[in-house]
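Notes follow once the structure below has been shown.
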Amino acid sequence: MSIKDKFPITLYNTLSKQKEQFEPINEKHVGMYVCGPTVYSDVHLGNVRTFMSFDVIYRYLMYLGYKVRYVRNITDVGHLENDADEGEDKIAKKARLEQLEPMEIVQHYTNGFHDVLKQFNLLPPSIEPSATGHIMEQIEMVQALLEKGLAYEVNGSVYFDVSKYDKSYNYGKLSGRKIEELMESGRMLDSQDEKRNKIDFAIWKKASPAHIMRWNSPWGEGFPGWHLECTVMSTKYLGETFDIHGGGMDLVFPHHECEIAQSVGTTGKEPVKYWLHSNMLTVNGQKMSKSLGNSFLPHELFAGTHKLLDRGYGPMVVRFFMLQSHYSSTLDFSNDALTAAEKGYKRLMEGYKIANGLEFVEGTVDTELETNVKATIDSLFENMSQDFNTAKALAVLFEMTTTMNNFKAGNIKTGLLSKETFDTFIKHYTGFITEVLGLKEEKGEDNQLVDGVMDLLIKLRNDAKAAKNYTVTDKIRDDLKTLGVSLKDGKEGTEYSID
RNA sequence: GGCGCUGUGGCCGAGUGGCUAGGCAGAGGUCUGCAAAACCUUCUACAGCGGUUCGAAUCCGCUCAGCGCCUCCA
């Protein structure tokens, strides 16, 4: 029995509004699409949280043995700032402000996006397609929708006819909206005269003379609608129906709702089996967002330069912090929470180091311990398979950390476990920390010199200690502490750690 | 206004009706020259009111508080 069959995944599907057992369309392969960023400004930590959530899902699926094709797009077409015709496109606006080519803006922020995700140790997706690279396919889909009679052209723009679509299908099923309510609800913006109904959305937009990003189409020069790119690219790389579609909660309506409409309208098929949405990162209970002005940029966090921070925190501490909550819950960002997370993270990583250094010594197996350890390993998988509950998985890892500490302290002999169980224990303990949760040691490259110097200092200090010269021993320890190096006297000698 | 979500101990944060979440902080102890780390033990809960149930943090209703989406948003 393979691991994935032993620990079947259940996940909360936004479409059905309940937990379902995960059964991929093809037994061993999983197709997953996640809506990526619009690259017209720096990603903030709220954005990072979403991509991190799906990074862990991606990692766990692979850990269970699935072959995953993970597609995450880059939105590099400048979409309008609002639904009105006169809205300026965001990338063009930025280009004008910074006096750059729109594609320079796109490249700059795409690079920045990649750098940030790399710092947080996110794996790159299997395919990262861009909207501008798929203009032809988008035009084709617009044509297909026109042919089906689900779209109409007005003055060089093409709109999706939501009411007509809703007669045959069900618009609003993902977000729980009713078309009548959407029709009468409050906002009526200007310049909607081209649309037959206010809820219709543009799938192709005519470019005004000032609009820089533009392409030729059967309807004149223009650019594709925002929702279209995701439908086109997910279909192209994952097929007309695929397993998982993810994104932030705030994309459920209208973005994902429109994606479904476009897919169903074009192919007649349900595009996605499981819709997953990660919740918002909040600051003082409010959604972190650029427009509210409460967003944290990664470099402000690392350096501690943000006005709400007392000091800086490393990317792995933040990763740990985010994993302590469930992806579908809001998570509040604060100094205190980060400080607590930092200590917890260090404790876990100490356990990780111990696990890597443990040696198995044959002994008499304690059946009770053996059983407990096996159950703990299972619960690690069970919790993670429960809608990717990283918080619970971490709780189990901390239980295991206690055992690691006991191994190290000699309170528990490794030989109380069978060799097989011991190896499995170490394998999954370290595997979950690094491969599934994507945590790693914050620092640690080229420590050779530091190691050598520290060994020397520790030796000198131990000599002084043997001579009971505590003035010297304490001076070494205290001065190192001010430099950010802690000494720990254990039974088997002194170790150091860099704070 | 419409639709939806949340409210857990000093803080953060899991919780699939009955069994210790976990992390941080606090208290006591073991170890140590002292400390740190580690280990052992331990104290603080389920917004309020009512209901269903043998039993509710968990289900239902109401009240209060906060939030999200309905416009670009992860």
Side-chain angles (χ1 to χ4, degrees), chain A residues 10 17 19 34-38 40 43-54 79-84 87 90 172 175-178 180-182 184-187 189 199 226 246-255 277-282 284-292 295 320-321 324-326 328-348 350-351 354 383 386-387 389-399 401-402 404-406 408-412 465 468-470 473-474 477-478 481 486-491 495 497:
Chain A
T10 53
K17 288 168 187 61
K19 271 195 180 181
V34 172
C35 291
T38 303
Y40 71 103
V43 281
H44 60 71
L45 287 166
N47 306 125
V48 171
R49 185 188 185 201
T50 296
F51 300 123
M52 190 183 289
S53 298
F54 289 100
H79 294 294
L80 299 182
E81 293 199 299
N82 60 45
D83 221 9
K90 288 184 289 194
S175 56
R177 319 263 153 155
K178 294 202 177 65
E180 311 83 58
E181 285 164 3
L182 288 168
E184 64 199 37
S185 77
R187 299 165 201 262
L189 297 167
I199 53 170
W226 173 44
M249 211 76 118
D250 50 358
L251 294 182
V252 174
F253 189 89
H255 186 57
H277 291 97
S278 64
N279 216 323
M280 300 293 107
L281 186 64
T282 60
N284 296 324
Q286 268 202 320
K287 174 181 174 179
M288 182 183 286
S289 82
K290 225 170 298 177
S291 48
L292 286 170
S295 58
F320 175 91
F321 163 71
Q324 272 187 305
S325 73
H326 191 255
S328 67
S329 305
T330 56
L331 173 65
D332 203 62
F333 202 72
S334 71
N335 260 306
D336 290 349
L338 282 169
T339 306
E342 186 172 68
K343 296 202 176 167
Y345 162 75
K346 281 184 178 164
R347 182 154 169 245
L348 185 68
E350 282 300 314
I354 291 168
N383 285 314
Q386 235 179 70
D387 203 12
N389 197 327
T390 52
K392 277 190 138 186
L394 273 175
V396 177
L397 286 173
F398 273 105
E399 254 179 66
T401 301
T402 299
M404 295 301 161
N405 285 325
N406 277 319
K408 188 193 173 199
N411 298 339
I412 305 176
K465 203 153 112 178
K468 301 206 182 209
N469 188 345
Y470 298 125
T473 58
D474 288 355
R477 188 176 63 200
D478 296 346
K481 187 74 195 167
S486 302
L487 291 186
K488 299 171 204 166
D489 293 334
K491 282 216 168 74
E495 291 175 0
S497 67

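Note on naming: letters A, B, ... go to the chains in the order of the sequence lines (proteins, then strands), and numbering restarts at 1 for each one.
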In this structure, is the centre-to-centre distance between the rings of A:Y345 and A:F321 below 6.0 Å? no
Say we look at B:rA36 and B:rC49: how far apart would their P atoms be, to the nearest angstrom? 43 Å
Does the side chain of A:K343 get closer than 4.0 angstrom to OP1 or OP2 of B:rA25 through an N or O atom? yes
Please report the distance separating the P of B:rG66 from the corresponding atom of B:rG28, rounded so that it comes out in whole Å. 40 Å
Compare all side-chain heavy atoms of A:Q324 with those of A:L394 and state whether any distance is below 4.5 angstrom. yes
Quick check: on RNA chain B, is the nucleotide nearest A:K178 upstream (toward 5') of the one nearest A:S334, or the reverse? Name the residue that is more 5'. A:K178
Rounded to whole Å, NE2 of A:H277 lies from P of B:rA74 at a distance of 13 Å
Test side-chain contact (heavy atoms from CB on, under 4.5 Å) on A:T401 and A:N405 and set out the steps. CA-CA 6 Å; A:T401 301; A:N405 285 325; 4.0 Å; yes
Rounded to the nearest angstrom, tell me the gap between atom NZ in A:K408 and atom C1' in B:rA37. 7 Å
Check every strand shown and say whether A:T282 touches a base, only sugar-phosphate, or nothing at a heavy-atom separation below 4.0 Å. nothing
From NZ of A:K287 over to C1' of B:rG66, roughly how many Å is that when rounded to an integer? 16 Å
For a quick check of understanding: with a heavy-atom distance under 4.0 Å over all strands, which category does A:H255 fall into, base, sugar-phosphate or nothing? nothing
Pair A:M249-A:S278, side-chain contact (heavy atoms from CB on, under 4.5 Å): steps then yes or no: CA-CA 6 Å; A:M249 211 76 118; A:S278 64; over 6 Å; no
Using the C1' atoms only, state how far B:rG18 lies from B:rG23, rounded to an integer number of Å. 27 Å
Nearest to the side chain of A:H44 - B:rC69, B:rA74, B:rC3? B:rA74
For A:D478, answer base if it contacts any base atom (sugar-phosphate contacts may also be present), sugar-phosphate if it contacts only those atoms, and nothing otherwise; contact means non-hydrogen atoms under 4.0 Å. nothing
Cation-pi geometry met for A:K290 and A:Y40 (6.0 Å, 45°): yes
Set out, in order, the CA-CA distance, both residues' side-chain angles and the distance that settles salt bridge (Lys or Arg N to Asp or Glu O under 4.0 Å) for A:D478 and A:K481, then state yes or no. CA-CA 5 Å; A:D478 296 346; A:K481 187 74 195 167; over 6 Å; no
Side-chain heavy-atom pair A:D250, A:H277 within 4.5 angstrom cut-off: no
Let me know the distance between CZ of A:F320 and P of B:rG13, rounded to the nearest Å. 13 Å
Basic-acidic side-chain contact under 4.0 Å: A:E350, A:K488: yes
Could you give me the stems involving RNA chain B, meaning stretches of three or more consecutive Watson-Crick or G-U wobble pairs whose two defining distances are both below 3.5 Å? B:1-7 with B:64-70, B:10-12 with B:22-24, B:26-30 with B:38-42, B:47-51 with B:59-63
Toward the 5' end of RNA chain B, by each residue's nearest nucleotide, A:T339 or A:F253: A:T339
Let's see if you can work this out: which of B:rC72, B:rC11, B:rA38 has an atom nearest to the side-chain heavy atoms of A:N405? B:rA38
Rounding to an integer number of angstrom, what distance separates B:rG7 and B:rG15 when you compare their P atoms? 10 Å
Hey, are A:K408 and A:E495 close enough for a salt bridge, meaning a charged N less than 4.0 Å from a carboxylate O? yes
Could you tell me whether the side chain of A:N411 and the main chain of A:N406 form a donor-acceptor pair under 3.5 Å? no
Quantified in whole Å, what is the P atom distance between nucleotide B:rC11 and nucleotide B:rU71? 37 Å
Give me the distance, rounded to whole Å, that separates B:rU44 from B:rA27 when you measure between the C1' atoms they each carry. 11 Å
At under 4.0 Å between heavy atoms, what does A:G46 touch on the DNA or RNA strands: base, sugar-phosphate, or nothing? base
Taking A:R177 for its side chain and A:F253 for its backbone only, find out whether a donor-acceptor pair lies under 3.5 Å. no
Which of these passes side chain to side chain contact (heavy atoms under 4.5 Å, CB included) with A:M288: A:L331, A:L45, A:T282, A:N47? A:L45
A:L397 CG to B:rG13 P, in whole Å, measures 20 Å
Can you list the steps and then say if A:F320 with A:E342 is a side-chain contact (heavy atoms from CB on, under 4.5 Å)? CA-CA 8 Å; A:F320 175 91; A:E342 186 172 68; over 6 Å; no
Closest nucleotide among B:rA74, B:rC39, B:rG23 to the A:A340 side chain: B:rG23
I'd like a list of close polar pairs between nucleotides 14-22 of chain B and the protein, N/O only, cut-off under 3.5 Å.
{"from": "B:rA14", "atom 1": "OP1", "to": "A:H326", "atom 2": "N", "distance (Å)": "3.0"}
{"from": "B:rA14", "atom 1": "OP1", "to": "A:S329", "atom 2": "OG", "distance (Å)": "3.1"}
{"from": "B:rA14", "atom 1": "O3'", "to": "A:N389", "atom 2": "ND2", "distance (Å)": "3.3"}
{"from": "B:rG15", "atom 1": "OP1", "to": "A:N389", "atom 2": "ND2", "distance (Å)": "3.1"}

Could you check whether A:L338 gets within reach of a base, just the sugar-phosphate, or nothing at all, counting any heavy atom under 4.0 Å? nothing
B:rG29 and B:rA35: how far apart are their P atoms, nearest whole angstrom? 12 Å
Taking atom P of B:rC67 as reference, at what distance in whole Å does atom CE of A:M280 sit? 16 Å
In whole angstrom, give me the gap between the C1' atoms of B:rG13 and B:rG55. 27 Å
Residue A:T402, side-chain atoms from C-beta onward, closest of B:rC70, B:rA74, B:rC40: B:rC40
Tell me: CG of A:N279 to P of B:rC69, nearest whole Å? 10 Å
Contact state string [nucleotides 28-35 of chain B, B base, S sugar-phosphate only, - no protein heavy atom under 4.0 Å]: -----BBB
To the nearest angstrom, how far is A:L348 atom CG from B:rC12 atom C1'? 17 Å
Should A:C35 and A:H255 be marked as a side-chain contact (heavy atoms from CB on, under 4.5 Å) after you check the CA-CA gap, both sets of side-chain angles, and the distance that decides it? CA-CA 10 Å; A:C35 291; A:H255 186 57; 3.6 Å; yes
